[in-house]
Structure formats: structure tokens, C-alpha cells
J.: 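Structure in C-alpha cells, see below.
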Amino acid sequence: MVDTVPDDFSPSLGIADAEGLEKASDGHIELEGLPNTRDIGGIRAADGRYVKHARLLRSGALAGATERDLEVLLDDFDVRTVIDLRTEEERREKPDPEDGLEGVRFEDAPVLNTSTLGVTREGGIKGALKMLRAVQDNPAQIMMDIYERMVLDEASQRGFASFFDDVLDTPDGAVLWHCTIGKDRAGLAAMLLLHVLGASHEDILRDYEATNRYVASRTEDIMDALATYHLAGKLDKSIQVINAADPRFLQAALDAIDRELGGLDAYVEKALGITDEKRDALRARYLTDDPRG
């Protein structure tokens with residue numbers, strides 16, 4: 001939680017008192033099949049206000065959600081819109097559970113419309129092998145290059161612009177956006193939205209890095225799968241780097257934005273079409289004076 005909120009602050013997120021379902025100070029929602037779903041409410045934003053709780057949720061793919069998970073998202077968080085940042089191929093391989101989220105509006109806002117190393121993770125284990133071999137020499141630099149492409153690529157910019165439009169088109173209830181593990185594309189979307197809402201760089205970075213607490217199981221699954229090919233030992237470092245929410249990756253995106261457009265304010269306005277009116281509308285809807293609100 002942000003520095004301006006007491007250490008023992010524990011807002012009620014409306015999560016049912018059920019076994020295995022609890023809340024964490026970083027907004028993590030303990031669900032049965034979704035390891036990295038978080039509420040970004042409570043972060044301090046513009047004019048001393050706070051992001052409202054239970055309105056803006058970031059997540060990994062929803063395909064693993066249990067029936068109980070979907071009930072929590074619907075009943076406790078009142079999710080009204082789901083924004084999928086994945087590619088078409090990823091959506092076909094693991095579609096969102098639309099039948100289990102009746103009444104929810106599903107929108108596609110793909111960020112990067114082609115297979116990209118370490119981000120789209122298309123093609124199953126064979127695709128993972130190909131990707132990991134390609135990045136083995138310098139996985140961190142590859143990821144920094146990918147983050148730069150994600151913010152400068154025109155197709156990605158259209159995806160982020162659609163993301164903002166979908167958030168604005170949800171007057172009530174919660175918006176949930178996701179990619180595959182909820183780190184890269186979902187993390188950049190959260191960064192851009194929190195910036196528009198007036199959050200500090202420090203709090204944006206803290207939210208980004210929180211993913212590291214919840215992706216360890218995903219990394220272990222990949223390593224176990226690769227072990228069947230007798231490659232896990234050779235690729236351990238690459239896997240760990242690629243699946244990390246590393247501040248260097250986010251900084252690479254910010255550096256590219258500074259270099260090409262002169263900063264985040266210019267980027268969201270010129271590349272994503274966030275006018276003063278849209279910014280004010282987002283802040284009016286999603287900010288509150290009450291840190292518990």
C-alpha cells in the first residue's frame with residue numbers, strides 16, 4: 001500500500017468470507033484458479049485522492065477460473081467489463097469463460113498483433129522452446145526491447161487506446177483487464193491508467209513489481225514442462241528473467257516514450273487520444289477522497 005496510508009490499513013474489498021479467499025495489502029484477490037488477479041484500489045492519485053476499491057482489476061488469463069472464482073468476480077466485485085489484451089491466437093487457445101460471466105461485456109484490445117518473444121507465449125511448449133532458445137544469450141535485453149515495441153508499435157497503441165475507451169464505457173461496476181500471466185501487457189495498461197489517474201511513479205512501480213509475488217507457480221510450471229526435453233537446466237535463467245516483473249523492463253518503455261514523444265503526458269494524449277476531457281472523466285469516476293472508498 002502507498003506510504004500515505006497506515007501500515008495496518010486493510011480496506012474491505014467485499015470478498016466473501018470463504019476458505020481460500022482472502023485479501024492482501026497489494027490488492028491481491030485470493031482466488032482458486034487465478035493466481036495474479038489484483039484490485040489496484042487504494043493507490044494515491046491526483047489531488048490527494050485515491051483510486052476507488054473494487055472498480056479496477058488487473059489479472060492474468062481467466063481460462064483457469066473456477067466456478068467459485070467467477071462468482072466472486074460477479075457477486076463481490078460486480079465485474080461489468082472484461083478487456084482482453086491478448087492476440088487472436090492466444091484467445092483461441094484459451095478463451096475467456098464468457099458463459100460463466102453472464103451479463104459481462106467482453107472486449108478485445110490486442111497489444112501486439114503478432115507473436116512476440118516472451119509476451120504472447122503462443123504455440124504451446126514448442127513455441128516456448130523456440131522463444132527461450134532465441135533469448136538465451138540476453139533475456140533481459142530482449143524483454144526491454146519488447147517493452148519498447150509495445151509502447152511504440154502503432155497496433156499496440158491502438159490496443160491501449162481501445163483499453164481506455166472500454167474503461168470509460170463502463171459507468172458502473174468493475175473493469176477487469178488481462179493478458180496471459182498479468183505482467184507485461186496488463187502491467188503496461190495499469191501503468192498508463194494509473195499515470196492518467198495521477199499516481200506517482202513510485203506507486204506505479206510498486207504495483208508493477210507486486211506481480212512477482214504471484215507468478216512463481218507459472219515459472220515452475222514452464223520449467224517442469226521443459227524438463228521433459230532435458231532443457232530446464234540450460235534455460236532456467238531465461239525463464240526466470242522473462243517471467244519477472246523487472247523494473248528495467250518498465251523503464252525501457254518509459255525511456256522509449258521520453259525519447260519519441262517527450263514523456264507520458266504527451267504519449268497518452270498524442271498516441272492514445274486521452275484528451276483533458278477523458279482524463280477528467282476517468283478521475284471523476286475512479287477516484288475518491290476516502291482511502292477506504
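One-based numbering along the sequence shown. Any value given below was found using the heavy atoms of this structure, including those in side chains, with hydrogens, waters and symmetry copies removed. What you are looking at is a predicted structure, and each value in this text was computed from that prediction instead of being measured.
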J.: Tell me, with the steps shown, if Y267 and E260 meet side chain to side chain contact (heavy atoms under 4.5 Å, CB included).
T.: CA-CA 9 Å; Y267 178 81; E260 298 296 328; over 6 Å; no
J.: Once rounded to the nearest 0.5 Å, what's the spacing between atom CD1 of I204 and atom CG of L197?
T.: 9.0 Å
J.: Do R285 and T170 have side-chain N/O donor and acceptor atoms under 3.5 Å apart?
T.: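 Absent: no donor and acceptor within the cut-off.
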J.: Can you confirm whether F163 sits close enough to V111 that some side-chain heavy atom of one is under 4.5 Å from a side-chain heavy atom of the other?
T.: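 A side-chain contact is absent here, since even the closest heavy-atom pair is not under 4.5 Å.
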J.: Given side chains that start at C-beta, do those of L112 and S156 come closer than 4.5 Å, heavy atoms only?
T.: yes
J.: Taking the side chain as every heavy atom from C-beta outward, state whether I29 and L57 have any pair of such atoms under 4.5 Å apart.
T.: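 I29 reaches L57 side chain to side chain.
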J.: For the pair D84 and L62, evaluate side chain to side chain contact (heavy atoms under 4.5 Å, CB included) and give the outcome as yes or no after the intermediate values.
T.: CA-CA 9 Å; D84 194 337; L62 303 183; over 6 Å; no
J.: I'd like to check M191 versus L264 (side-chain heavy atoms, cut-off strictly below 4.5 Å). Are they in contact?
T.: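 They are in side-chain contact.
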J.: Ring-plane angle category for Y147 and Y208, please: parallel below 30°, perpendicular beyond 60°, tilted otherwise.
T.: perpendicular
J.: Would you say D99 has more than 12 foreign heavy atoms packed within less than 6.0 Å of its CG?
T.: no
J.: Measure the shortest side-chain to side-chain distance between V268 and R279 over non-hydrogen atoms and say whether it is less than 4.5 angstrom.
T.: no
J.: Charged N to carboxylate O below 4.0 Å: is that the case for E88 and R91?
T.: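 Result for this pair is no, no salt bridge flagged.
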J.: For K270 and L261, what are the C-alpha separation, side-chain angles and deciding distance, and is it a side chain to side chain contact (heavy atoms under 4.5 Å, CB included)?
T.: CA-CA 8 Å; K270 296 176 181 177; L261 288 104; 4.1 Å; yes
J.: Is the shortest heavy-atom distance from the side chain of S200 to the side chain of R44 under 4.5 Å?
T.: no
J.: Verify side chain to side chain contact (heavy atoms under 4.5 Å, CB included) between T37 and D69, making sure each step is shown before the conclusion.
T.: CA-CA 10 Å; T37 301; D69 293 343; over 6 Å; no
J.: Closest approach of A199 and I43, non-hydrogen atoms and distance?
T.: CB-CG2, 4.0 Å
J.: Measure the spacing between CG of D265 and CD1 of I257 and express it to the nearest 0.5 Å.
T.: 10.5 Å
J.: Is the shortest side-chain N to carboxylate O distance from E90 to K94 below 4.0 Å?
T.: no
J.: Quick one: are Q251 and D246 in side-chain contact, heavy atoms under 4.5 Å?
T.: no
J.: To the nearest 0.5 angstrom, please state how far the CE atom of M143 sits from the CD atom of E148.
T.: 13.0 Å
J.: For residues 172-179, tabulate all N or O donor-acceptor pairs below 3.5 Å that involve a side-chain atom, not counting sequence neighbours.
T.:
unit_1: W177; atom_1: NE1; unit_2: A186; atom_2: O; d: 3.2
unit_1: H178; atom_1: NE2; unit_2: D96; atom_2: OD1; d: 2.9
unit_1: H178; atom_1: NE2; unit_2: D96; atom_2: OD2; d: 3.1

J.: The criterion is salt bridge (Lys or Arg N to Asp or Glu O under 4.0 Å); which residues satisfy it with K278, sequence neighbours excluded?
T.: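 For K278, the residues satisfying salt bridge (Lys or Arg N to Asp or Glu O under 4.0 Å) (neighbours in sequence not counted) are D165.
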J.: Do R283 and D47 pass the salt bridge (Lys or Arg N to Asp or Glu O under 4.0 Å) test, and can you show the C-alpha distance, the side-chain angles, and the key distance before you say yes or no?
T.: CA-CA 10 Å; R283 291 182 178 184; D47 304 320; 5.1 Å; no
J.: Is there side-chain contact between I83 and F164, with heavy atoms separated by less than 4.5 Å?
T.: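 Side-chain contact under 4.5 Å: no.
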